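Keep in mind the model is a prediction, meaning the values are calculated, not measured. Keep in mind that the numbers below use all heavy atoms, side chains included, and drop hydrogens, waters and symmetry copies.
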Amino acid sequence: MLGSPSCDAKAGDALATSTDPWATGGDLNVGDSLLFDIVNKKLSEEDPTTTNWEDSKGQLATGKIAGMWLGSWAIVQMRDAAEKAGKDPSVIGYMPFPAQVNGKFCSMVTPDYLYSVNVHSKNKAAAHAWLRWMLDESGFADANQAISSVRGAPLPTALKPFGDAGVQLVELSQVKAGQVNAIDNASEVGLNKPDYRQRLIDVARGAAPGDAKSVFAELTTRWADAVKMGG
Amino acid sequence: MALTRLSSPSASPPRSVPAAPTRPGRRWITPWLFLAVPLIMLVTFTYVPVANMISYSFTDWDGVSPDKDFVGLGNYAQLFTRPELFQVFSVSLFYLVASFAQIALALYFATVLSFRLRLRNLFKGVLFFPYLLNGVAVAFVFLYVFQPGGTLDGLLRLFGVDAKIFWLGDPDLVNVSLAGVSIWRFLGLNFVLFLGAIQSVPAEIHEAAELDGASRTQVFRHIIVPSIRPIISLSVILGVSGALSVFEIPYVMTGGSGESRTFVIQTIKLAFQFNKMGLASASAVVLLVAILLITWVQRRLIPEERPETR
């Protein structure tokens, strides 16, 4: 979610020093407010506590569920489920985050920064060869409809409509990712963890007291305190 | 008592028995050799990890880093100055009430099934069966039971109740539902313990009571309950410590979201989501101490009287 509404590649890094990450108009505010509104206006399932992932995949294919907020890793699973449900797998596709900057949609790309060779490795040549195989020959990116790490490689077919519609793909900067993670852990916010969004959903459906504003305010306080303490 | 008195004279004479000449100094080692394997396992897998955990609780270790800094009582200070970390213990009250209900139910079934009844072995099996199931499997089964329009709603509809109840989605109901699952799962264990104890009461006492014309409630109150008191008090201790450390069922069913978060789930999240191994270890130590303390208080309040020494 970070970066997509604002089309800002530095959105993640900005959190390292931000004392108000949920400020109106910011990425987290736009994204989490959208989630809040979806649940608050009863556009999602009635009881989020008993949903079933395997069932939901088929329901997406048959149109019972209009859309799901997922990463690109899910599309292969979803297409498999569509085929099992007797539908054409191509009914499953991507949609960019519904916000535009200068008339253009943006979508964030997270790099595969975990591919590396350990400097302490005794078998650097073998590790390197494995990496080359992984990237060049395994067909891993293709099988997962992921954007290949190889420079100049074509986009996966699932992303072709993005190219046609002029969606900008922006690579989210990870320069301060370590610092942001440290703050995230110290504040116990968990930007990439389910907990605070579960709470937001509970508030939105009236199962917990408060409103979107109070939830954001509490998260902001925790985040800001952690930033002040230096992570 | 009688048994030990009989056996103690026979235990001492080995000296008089002309056995193979052994050096008396080596004698003491034999029992320790037999005990070595279980003791080594106990120390390796219980006491060493606990000692480690206590030492982590004085550091700011993140769980992966090779270095950790000593922070003294910092984690404990944090734990006791953040009331939200202790608030989750209120969830345990639901499980505590449930464990008393569970003991009462188990006692009822054990008493009823200790009398001669038709199909009693079938009922014993039915009651004990859930305890044999894996907790994670139980949790998954009940996820389907509690779905809107799921098994439970369908069952209620047969009885004409057509209310849409969010068994897990309603914050006022979620812990009741989860505690109910816990009763269903652990009833069998209490039941078997009670049944075993009840059946060890000599049949002559029952016969004598019957001859004297005692009713079943009188038999229950004056014969069964006094003779299985140690087992009841054990069950209460297990119930209290179980209520404080509920984990499996809520973790699998709701992930500990919203109102269903328990102390152990919170500890796991601190340790493995937010990499606060030190704080999580301190929580675990606090839980351990709390359980020991409650058990101790309980033993002081209700001293265990041995039925033989009366």
When every non-hydrogen atom of B/G169 is compared with those of A/A207, the smallest separation belongs to O-CB, 4.2 Å
For the OH atom on B/Y108, are there more than 12 heavy atoms of other groups (residues, nucleotides or ligands in this structure) within a distance under 6.0 Å? no
If you draw a 6.0 Å radius around OH in B/Y251, do more than 12 non-hydrogen atoms from other residues or ligands fall strictly inside?
no
Hey, is CZ on B/F70 packed in by over 12 heavy atoms from elsewhere, all under 6.0 Å? yes
Whatever's closer than 4.5 Å to a heavy atom in chain B on A/E188 counts as both
Quiz prompt | Neighbour count >12 (heavy atoms, 6.0 Å) for atom CZ, B/F80 | solution = yes
In this structure, are over 12 heavy atoms from other groups packed under 6.0 Å from A/K10 atom NZ?
no
CD1 of B/I165 to CG of A/D47, rounded to nearest 0.5 Å, is 12.0 Å
- [ ] Check for a donor-acceptor pair, side chain of A/R199 on one end and backbone N or O of B/S257 on the other, with a separation under 3.5 Å.
- [x] no
Original post:
Should A/D195 and B/R261 count as an ion pair when the cut-off is N to O under 4.0 Å?
Top reply: yes
Shortest non-hydrogen pair, A/T49 vs B/L143, comes out as O-CD2, 4.3 Å
Shortest non-hydrogen pair, B/Q273 vs A/P194, comes out as NE2-CD, 4.3 Å
Open item on the list: Are there over 12 heavy-atom neighbours, none belonging to A/K124, within less than 6.0 Å of that residue's NZ?
Closed with: yes
Interface check, chain B: of A/D202, A/T51, A/N52, A/D184, most non-hydrogen pairs under 4.5 Å belong to A/N52
Side-chain donor or acceptor of A/T50 paired with backbone N/O of B/Q147 under 3.5 Å:
no
| request: Look at atom OH of B/Y131 and say whether more than 12 heavy atoms of other residues, nucleotides or ligands are closer to it than 6.0 Å. | output: no
So NZ of A/K193 and CZ of B/F272: to nearest 0.5 Å the spacing works out to 13.0 Å
Okay, A/E45 and chain B: the region with an atom under 4.5 Å from a heavy atom over there is neither
*Crowded around B/Y76 OH? As in, over 12 foreign heavy atoms under 6.0 Å?*
yes
